[in-house]
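Worksheet for the structure shown next.
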Amino acid sequence: APMAAEVTFDPATRRASFEQTSVLMPASPYTCPGKPESALPSLSSAMFCAAPVHAVYDGSNDWVATAGFGSVPDELAKATPAETAAALFESLRGQAYADHDTTVANRGSETVQLAGRPAAVQLGDLRYRVPGVPSSYDRLFVAVLPLPTGGYVAYLSGRPNDAPASTLDALNESINSLRIG
């Protein structure tokens, strides 16, 4: 059987690609590992980058802003990009915040055009109280794009409400670099 497509990443340019889709992963203060990895159940093949926002909040871990790009697994792929984005939003909430009670506020969705193709966006504020973390919520952003070959690719981010402006600037630059075709 042929191997499934994988995300590729060039650390020198920060470009992550999957089939005909590419994005520049965020620059400093984000750091990216040298290669893509699996992030099941939310993404099959993915590149994740992180920027510390609250250092060593619990004695050993940083509370971070994240950005990710990757292929949506068949288990989360729905009939439409909007349904897939909603399923991915919930999957990420369960996966990334499994150890914390969260509620969702300001949840919204929209369809945007990217290279003449509809892309679905889901966003919302995941509210929490975590000892040692002064943030009160993370803004979760999920964009899902259908691929010409079938299936979906996604870009996602989670950033604390009190992340520095440099973190938001790097994230916005990355989101704006998303291309298909």
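Below, each value reflects all heavy atoms present in this structure, side chains not excepted, and no hydrogens, waters or symmetry copies.
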(message) I'd like to know if the side chain of E83 and the backbone of T80 have a donor-acceptor N/O pair within less than 3.5 Å.
(response) yes

(request) Take atom CG of D101 as the centre, draw a 6.0 Å sphere, and report whether it contains more than 12 heavy atoms from other residues, nucleotides or ligands. (result) no

(request) Could you tell me the separation between the CG atom of N161 and the CG atom of L168, rounded to the nearest 0.5 Å? (result) 11.5 Å

(request) Ignoring hydrogens and angles, state whether a donor on the side chain of D58 or N61 is under 3.5 Å from an acceptor on the partner side chain. (result) yes

(request) Heavy atoms only: give me the nearest K78-A87 pair and the separation to one decimal. (result) CE-CB, 3.8 Å

(request) Supply the atom-to-atom distance S42 OG to L76 CG, rounded to the nearest 0.5 angstrom. (result) 6.5 Å

Check: residues 15-26 side-chain donor-acceptor pairs under 3.5 Å, at least two apart:
residue	atom	partner	partner atom	Å
R15	NH1	S22	OG	3.1
E19	OE1	T149	OG1	2.4

(request) Please round to the nearest 0.5 Å and tell me the distance separating atom CZ of F48 and atom CZ of F69. (result) 11.5 Å

Less than 3.5 Å apart, which donor and acceptor atoms pair up between the side chains of residues 122-134 and the rest of the protein, not counting sequence neighbours?
residue	atom	partner	partner atom	Å
Q122	OE1	R107	NE	2.9
Q122	OE1	R107	NH2	3.0
D125	OD1	R139	NH1	2.8
D125	OD2	N106	ND2	2.7
Y128	OH	W63	NE1	3.2
Y128	OH	Y137	O	3.4
Y128	OH	D138	OD1	2.4

(request) Tell me whether V144 is reachable from V112 by hopping between hydrophobic residues (I, L, V, M, F, W, Y) whose side-chain heavy atoms are closer than 4.5 Å. (result) no

(message) Measuring only between side-chain heavy atoms, which start at C-beta, is P41 closer than 4.5 Å to Q95?
(response) yes

(request) Taking all non-hydrogen atoms of both residues into account, name the closest pair between P160 and S135 and its distance. (result) CB-OG, 3.3 Å

(message) So which atom in P148 and which in I180 form the shortest heavy-atom distance, rounded to 0.1 Å?
(response) CD-CD1, 4.2 Å

(message) Out of the candidates L147, T84, D74, L88, only one should pair with Y152 under the side-chain contact (heavy atoms from CB on, under 4.5 Å) rule; please name it.
(response) T84

(message) Tell me every residue that passes salt bridge (Lys or Arg N to Asp or Glu O under 4.0 Å) with R159, counting only those two or more places apart in sequence or in another chain.
(response) none

(message) Within the 4.5 Å heavy-atom criterion, are L40 and P73 side-chain neighbours or not?
(response) yes

(message) Does anything in residues 143-181 form a disulfide bond (SG atoms under 2.5 Å apart)? List the pairs, not counting sequence neighbours.
(response) none

(message) Minimum heavy-atom separation for A77 and V72, please, with both atom names.
(response) N-CG1, 4.1 Å

(message) Within this structure, what is the OG-CG distance for the pair S177 and N172, rounded to the nearest 0.5 Å?
(response) 11.0 Å

(request) Decide whether S174 and Y30 meet the rule of one side-chain donor and one side-chain acceptor closer than 3.5 Å. (result) no

(request) Looking only at non-hydrogen atoms, find the nearest pair between P36 and V7 and report the distance. (result) CG-O, 3.2 Å

(message) Hydrogens and angles aside, do S71 and S45 bring a side-chain donor and acceptor to less than 3.5 Å of each other?
(response) no

(request) Could you tell me the separation between the CG atom of L140 and the CZ atom of F89, rounded to the nearest 0.5 Å? (result) 4.5 Å

(request) Using the test side-chain contact (heavy atoms from CB on, under 4.5 Å), find all partners of S166 that sit at least two apart in sequence or belong to another chain. (result) P29, P164

(request) Indicate yes or no: at least one non-hydrogen side-chain atom of F141 is less than 4.5 angstrom from one of L156. (result) no

(message) Quick check for you: to the nearest 0.5 Å, what is the distance between L145 atom CG and R179 atom CZ?
(response) 11.5 Å

(message) Quick one: does any side-chain atom of D62 pair with a main-chain N or O of V64 as donor and acceptor, under 3.5 Å?
(response) no

(request) Output every pair passing disulfide bond (SG atoms under 2.5 Å apart) with a member in residues 24-66, not counting sequence neighbours, ordered by first then second residue. (result) C32-C49

(request) Considering non-hydrogen atoms only, spot the tightest contact between A154 and L43 and give its length. (result) CB-CD2, 4.1 Å

